[in-house]
Amino acid sequence: MEKEQLIRKWLDNELTESELQAFKNLEEYDQYTRISDTIKHLEIPTYHVDEQLEALHARINTKKSKVISLKPFLRIAAILVLFIGVYYAVSLRSTSTNHYTQIAQKETITLPDNSTVMLNAMSSISYDEDTWEAQRNVSLEGEAYFKVAKGTTFNVQTRNGTVTVLGTQFNIKNRDEYFDVVCYEGSVKVTTAAQEVILKAGDRFRESVLITGTASTSTPKSPSWTHNESSFEKTPLKEVIAELERQYQVHVDVDEVFAQELYTGTFTHDNIDIALKSISLPFNLTYTKEENKVTLARD
C-alpha cells in the first residue's frame, strides 16, 4: 500500500492491524503523531447555538449591529488551516525514499548504486536518493540482507547501532532491544554505544539483554529467511516467537519463564503447524490454536 493511502486511512481511523504496523514503520511516523497529538490538545471554544441565535435576532431587531461577527468561525478555520499546513509541510520537506513490508511479506530493493536490499517481514528502510552521492545513509527498522555493489560504501543506521560497509554481503536484524549482524562476504564495521568491532566473512555480532559479543559461525551463503526459513542459534525464545508472529498473522502467548529460554533451531515460513512444532518440542511445550491466537504451555 502506498504511503499516501496509509496516511489517509490513519486520518480516518480505518487502519487494519497490519496496516497500522506498516504505518508505524514510516520514517515520518513520529512527526505525524506529534501533529495529531497537538491538534487533540487545542481547545476550541464551545458555542450555544440557540443563545447565539437569539442574540443575533435581538441585534437585528434593535438595529444595534448589522454585522455578524466572524471571529469564532475564523478561529476554528485558522486551527484547521494550521493543521493542514503543518501536515503538508512535513510531507513535502521529506525527500527520502521509503520501502516497508507487512506480515509474511518480503521485498527486494535496488539502491541508487545498484546495491540490493532484501527486506524481511515487518521491516522498513529509507534513504535520500537526491543526496546519495554526497551522503550515503540508509535507515533500517527490522531485518534486511544487503548485497553491496563492489567498491561502494555507505552506512546502515539503526536504533541499536550503525553498520559501515564496503563491497560485502551481510544481514542486520534490528528488533527492539535485539541487534544481530552477520557478515557473509567481505567485512563490515559495527558501531554501538558500547563498542566498535570489525566483522569478517563468517563473523557474527549480537547485542541484547541476554547475549552480547562476537563469534565465528558456520554461515551459509545467505540468511535462511531469504529461503523462507528462520534459523536461530542460542536465541531467547521470545525473539523466536516474535519472528513467528511476523511470518504468520498470529499472536502467541507463552509464560515468561519459557520466554527467556535459549532456542537453537529452524522453523519454516510455509506451514504454521510445522513451525509451531519446531519451536515447542525442544522445550516440551504443546500449542493450541484459536483463530489468530496461539498458546504455548507445558502439560
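These figures come from a predicted structure and were not determined experimentally.
Annotation: the span from I109 atom CD1 to T101 atom OG1 amounts to 8.0 Å, rounded to 0.5 Å. Expressed to the nearest 0.5 Å, how far CG of L244 lies from CD of E239 amounts to 13.0 Å. To the nearest 0.5 Å, atom CG of residue D128 and atom CG of residue N98 are 10.0 Å apart. Taken to the nearest 0.5 Å, the OG1 atom of T152 stands 9.5 Å off from the CG atom of L111. Interatomic distance, CG of L140 versus CD1 of I125, reported as 7.5 Å (0.5 Å rounding). Rounding to the nearest 0.5 angstrom, the gap separating the CG atom in D176 from the NZ atom in K238 is 8.5 Å.
Residues satisfying the side-chain hydrogen bond (donor to acceptor under 3.5 Å, both in side chains) test with D113, not counting sequence neighbours, are S115. With sequence neighbours excluded, the residues that form a side chain to side chain contact (heavy atoms under 4.5 Å, CB included) with K147 are T116, Y145, Q169. For E107, there are no salt bridge (Lys or Arg N to Asp or Glu O under 4.0 Å) partners at least two apart in sequence or on another chain. With sequence neighbours excluded, no residue forms a salt bridge (Lys or Arg N to Asp or Glu O under 4.0 Å) with E290. Residues that satisfy the side chain to side chain contact (heavy atoms under 4.5 Å, CB included) test with A194, not counting sequence neighbours, are T192, E207. Taking N228 as the reference, K106 meet the side-chain hydrogen bond (donor to acceptor under 3.5 Å, both in side chains) condition, with sequence neighbours excluded. Listed by chain and number, the residues in a side chain to side chain contact (heavy atoms under 4.5 Å, CB included) with N284 are R298 (sequence neighbours excluded). Partners of T226 according to the side-chain hydrogen bond (donor to acceptor under 3.5 Å, both in side chains) rule, which considers only residues two or more places apart in sequence or in another chain, do not exist here. Applying the side-chain hydrogen bond (donor to acceptor under 3.5 Å, both in side chains) criterion to E133, with sequence neighbours excluded, gives R136. Take E143 and apply the salt bridge (Lys or Arg N to Asp or Glu O under 4.0 Å) test, not counting sequence neighbours, and it matches no residue.
Using cut-offs of 30° and 60° for the angle between ring planes, the W132 and Y127 rings count as perpendicular.
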Given I241 and L296, is the side chain to side chain contact (heavy atoms under 4.5 Å, CB included) satisfied, shown in steps?
CA-CA 10 Å; I241 290 173; L296 292 178; 3.9 Å; yes
Run E243 and Y178 through side chain to side chain contact (heavy atoms under 4.5 Å, CB included) and show every step you take.
CA-CA 12 Å; E243 188 60 40; Y178 187 81; over 6 Å; no
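For residues 230-252, the set of pairs meeting the ring-ring contact (aromatic ring centres under 6.0 Å, His included) definition, not counting sequence neighbours, comprises F232-F267. Residues in residues 102-123 take part in no ring-ring contact (aromatic ring centres under 6.0 Å, His included) pair, two or more places apart or across chains.
If you chain together hydrophobic residues whose side chains sit under 4.5 Å apart, V250 and V254 fall into the same group. Under the 4.5 Å side-chain heavy-atom criterion for grouping Ile, Leu, Val, Met, Phe, Trp and Tyr, V181 is not connected to L166 through any hydrophobic cluster. Hydrophobic clustering (ILVMFWY, side-chain heavy atoms < 4.5 Å, transitive): W225 and I272 are in distinct clusters. F146 and M122 are not part of a single hydrophobic cluster, where members link through side-chain heavy atoms under 4.5 Å apart. Tracing side-chain contacts under 4.5 Å through hydrophobic residues (I, L, V, M, F, W, Y), one never reaches Y263 starting from V182; they form parts of separate clusters.
In plain terms, the two heavy atoms of A121 and A104 that are nearest each other are CB-N, 3.6 Å. The two residues K200 and S187 have their closest heavy-atom pair at CD-CB, 3.9 Å. Summarising the geometry of Y100 relative to S124, their closest heavy-atom pair is CB-CB, 3.7 Å, with the distance given to 0.1 Å. Of all heavy-atom pairs between G161 and T158, the closest is O-OG1, 2.6 Å. F170 and C183 make their closest contact through CB-CA, 4.1 Å (heavy atoms, listed as atom of the first residue, atom of the second, distance). The two residues V294 and K289 make their nearest non-hydrogen contact at CG2-CG, 3.8 Å.
Side-chain atoms of T295 never come within 3.5 Å of backbone atoms of D253 as a donor-acceptor pair (strictly under, hydrogens ignored). Looking only at distances, no side-chain donor or acceptor of S126 sits under 3.5 Å from a matching main-chain atom of S96. A donor-acceptor pair under 3.5 Å is absent between the side-chain atoms of S278 and the main chain of L276, judged by distance alone. Side chain of T108 to main chain of M118: no donor-acceptor pair is present (N/O by atom type, distance under 3.5 Å, no hydrogens or angles). Put simply, the side chain of T153 gets close to the backbone of V165: a donor and an acceptor are under 3.5 Å apart.
Two residues are said to be in side-chain contact when any heavy atoms from C-beta on lie closer than 4.5 Å; R246 and N120 fail this criterion. Contact annotation: the side chain of L285 never approaches that of Y287 to less than 4.5 Å [non-hydrogen atoms, C-beta and beyond]. Side-chain contact check for F179 versus V190: some heavy-atom pair is nearer than 4.5 Å.
Checked against V240 for a side chain to side chain contact (heavy atoms under 4.5 Å, CB included), the options L262, T235, V252, T264 give a single hit: T235. A salt bridge (charged side-chain N to carboxylate O under 4.0 Å, His left out) with D180 holds for exactly one of K173, R204, K234; it is R204.
Ionic pairing of E141 and R159 is present here: one or more N-O contacts between side-chain nitrogen and carboxylate oxygen are shorter than 4.0 angstrom.
In summary, the side chains of S208 and R175 do not present any donor paired with an acceptor at a separation below 3.5 Å, with no hydrogens or angles considered.
Around atom CD of Q135, no more than 12 heavy atoms belonging to other residues, nucleotides or ligands sit under 6.0 Å away.
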